[in-house]
*Asks:* 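Dropping a structure here in structure tokens format, bear with me for questions.
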There are 2 protein chains.
Amino acid sequence: MSGPAQRRITIKEVAEAAGVGVATVSRVLSGGSASPETREKVFAAAARLDYRPSALGRNLRRQRTGGVGLLVPDITDSFYARLADGVLSCARSYGEPVTIGVTGDDPEREAELIGALIEQSMDRLIAVPSGDGDMWAPALRAGLNVVFADRRVRTDVPSVVPDDRAGVLTAVEYLAGLGHRRIAFLARHGQSQRVTAFLSAAASLGLPVDRDMVVHARASRDSAYAAAAGLLQHHSDVTAVLAGGNVLGEAAVLAARELDVRIPRDVSLIMFDDVPWAELCSPPLTVIAQPAQDIGYRAAELVLRQGRRPPAVTLPTRLVVRASCGPRVAPRRSS
Amino acid sequence: MSGPAQRRITIKEVAEAAGVGVATVSRVLSGGSASPETREKVFAAAARLDYRPSALGRNLRRQRTGGVGLLVPDITDSFYARLADGVLSCARSYGEPVTIGVTGDDPEREAELIGALIEQSMDRLIAVPSGDGDMWAPALRAGLNVVFADRRVRTDVPSVVPDDRAGVLTAVEYLAGLGHRRIAFLARHGQSQRVTAFLSAAASLGLPVDRDMVVHARASRDSAYAAAAGLLQHHSDVTAVLAGGNVLGEAAVLAARELDVRIPRDVSLIMFDDVPWAELCSPPLTVIAQPAQDIGYRAAELVLRQGRRPPAVTLPTRLVVRASCGPRVAPRRSS
DNA sequence: AATCATGGTGGAATCGTTTCCATGAGTGGT
DNA sequence: ACCACTCATGGAAACGATTCCACCATGATT
């Protein structure tokens, strides 16, 4: 089983072994000035004892915890997993550990997790915010260094987000170019950015803008499926749908199969977020690819780099056309 | 921008505000005994000042960091993401933060991350181990409380793993039942458990066991694709393949498409790990489902619960038949 | 030769908490 | 009336690092 759990060795013992004072050891090990010979003695002693400075002691003294917190709605969602991978990758190059929490898109849980984080004296946080911007006031006041990723809910907090407006516009233009006029947007709650982009894109292309062409779902798979099925059933006039995320897209193809709506013959589908299975799907899905990993990486850079912080960075999306969109045919018959 | 970053209030100030000593505050807040009236005063003061005890101070004194570390090969892989979700979910119910690191299946990076973790005074760790068991000796000696997940590389460390043996056996039996005799196993390096299970299953069913019926790949998508393509190209006699994980499975269907090998007409495919896209795939994939989330949850339970720790728990897998397996036909012609 | 500047060095304070121990008050038994 | 015992309480010591500051030796300057 576990060994005798030897006590961890402290700076004091290193000092003793090297025949110097603790202050000197600390100075040498953090790159301060010292005579070459003491430096040598200290390094030798530290190496011989396999000394690892305790982050606890350091942080307590320094009044700040290294490391960054990361809050995502659902680590199981490929998009957030890739985003997390990006921040992990950046944080690793800074040698900073990252503590992760999943909010389930629930503002209450989010607040809870923020509390836990500041209890750990974490002073840097990357978050995909769930609620509206107001609930962040206390955290900000507590001195937390926040960067938003994927969603921008406050203008006074740096954020890195995909270019929703351009992405939506590209998608809608593409569909309109194929002759579609009744295009629906399957959105997750909170995607107001994309919804307004969708409405204005439709308007600018002379398409009929109709408030109930946008259908909302909560973040869960079940809710997404219900919304997709509802859309496909009750709006037999729509000939194309734009899904606001990969779980919405998945729900849409599942619902379409169940309802015997063929893609792309009966309706065309574009999904936000390129995931590995989009190509494996039948039919392969045309998508708006988002740089999820970059978003995470850049957000981590923003929060880890001390310097000036640009208020917002927007990363481009890209249309990847596969086989889920076709020319508009006659509207489906009402079911 | 960020506020004046008000200094965090300490136990000392609470003590002063409540008119008691710090020891009393600490005792009351951690549920120790105290007279009802002092208790009341302390709670009132703490609430009024919005006091949050510093985890740093506590942990330094207690000589142990709350929270658990989690090491996975790749958070982007659905299986590990679900596993992580399981530990996150369990840790949340204990109120413990979890610090995550991705090893990329590289023992060197793994060792690095372990070092960083013990520098943080983390004493509890859940790991999907990358290398062999030997490299864990130092960590164990350092008093680290380790639980392995998904892979068992040492018998002296508690671990929770899927039932590889039964899963492989079920798959091979199912394929054999369809008439297949030349069955290949597409494995990731390190899946020795499954490889031996595969060989013994083949033997017990009277199938020809042939060492080069198992093909190895590294963890990357590219390596997986190369291995899958190589298998499909050079072994025209195999009529069924078992993929050891979801990225191997994905690679197999991609390679099959590229090489114009039809599934299941030309070769049958079973994939380890049920992922959402398995159903969306064309054809829908027959899989061996693994309880990824449960694995994570149970591992977290093991590491968080103080009590006795069973040396190993094995979780059942389940065959989910969809449409990627068919009866054996004449072997494909050599390409 | 006396003084000043310089630069290496170590003692001690500090960070915020828990916990040991001493103290004092109150109670019940003899 | 005294002792023994319980119980609430607060002062102070730890935990392991960083960092201020005082100290000393050495070399340079007047």
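What you are looking at is a predicted structure, and each value in this text was computed from that prediction instead of being measured.
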*Asks:* Would you compute the distance between atom CZ of B:Arg52 and atom CD of A:Glu119 and round it to the nearest 0.5 angstrom?
*Replies:* 6.5 Å
*Asks:* Rounded to the nearest Å, what distance is computed from the CZ atom of residue A:Arg64 to the P atom of nucleotide D:dT18?
*Replies:* 12 Å
*Asks:* Which donor-acceptor pairs under 3.5 Å do side chains of residues 121-136 of chain A form with protein atoms, sequence neighbours excluded?
*Replies:*
{"unit_1": "A:Ser121", "atom_1": "OG", "unit_2": "B:Arg8", "atom_2": "NH1", "d": "3.2"}
{"unit_1": "A:Arg124", "atom_1": "NH2", "unit_2": "A:Glu96", "atom_2": "OE2", "d": "3.2"}
{"unit_1": "A:Ser130", "atom_1": "OG", "unit_2": "A:Thr103", "atom_2": "OG1", "d": "3.2"}
{"unit_1": "A:Ser130", "atom_1": "OG", "unit_2": "A:Glu110", "atom_2": "OE2", "d": "3.3"}

*Asks:* Minimum heavy-atom separation for B:Leu49 to B:Ala17, with atom names?
*Replies:*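 Smallest heavy-atom distance, with atoms named: CD1-CB, 4.0 Å.
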*Asks:* Should the heavy atoms of other residues, nucleotides or ligands under 6.0 Å from CD of B:Glu16 be counted, would the total exceed 12?
*Replies:* no
*Asks:* Heavy-atom count check: over 12 atoms from other residues, nucleotides or ligands less than 6.0 Å from A:Arg58 CZ?
*Replies:* yes
*Asks:* Between B:Glu13 (CD) and C:dC15 (P), how many Å, whole number?
*Replies:* 11 Å
*Asks:* For the atom pair CG (A:Leu315) and OH (A:Tyr297), what is the distance rounded to the nearest 0.5 Å?
*Replies:*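 That separation rounds to 13.0 Å.
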*Asks:* I'd like to compare against my own output: the B/S/- annotation of nucleotides 16-23 of chain C with a strict under-4.0 Å heavy-atom distance to protein.
*Replies:* BBBB----
*Asks:* For the helix from C:dA1-D:dT30 to C:dT30-D:dA1, what angle lies between the axis at the first five pairs and the axis at the last five pairs, to 10 degrees?
*Replies:*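 One end axis against the other gives 60°.
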*Asks:* For DNA chain D, determine which residues of residues 34-41 of chain B have any heavy atom closer than 4.0 angstrom to one of its atoms, and list them numerically.
*Replies:* B:Ala34, B:Ser35, B:Thr38
*Asks:* For A:Arg188, does its backbone N or O pair with a side-chain atom of A:Gln191 as donor and acceptor, under 3.5 Å?
*Replies:* yes
*Asks:* Please determine, by modelled atom types, if B:Ser35 and B:Arg39 share a side-chain donor-acceptor pair under 3.5 angstrom.
*Replies:*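 No - no donor-acceptor pair under 3.5 Å links their side chains.
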*Asks:* Output every pair passing salt bridge (Lys or Arg N to Asp or Glu O under 4.0 Å) with a member in residues 83-94 of chain A, not counting sequence neighbours, ordered by first then second residue.
*Replies:*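 Qualifying pairs, neighbours excluded: A:Arg92-B:Glu112.
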*Asks:* Can you list everything that forms a side-chain contact (heavy atoms from CB on, under 4.5 Å) with A:Arg152? Sequence neighbours excluded, please.
*Replies:*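 By the side-chain contact (heavy atoms from CB on, under 4.5 Å) rule, A:Arg152 matches A:Ser159, A:Val161, A:Ala312, A:Thr314.
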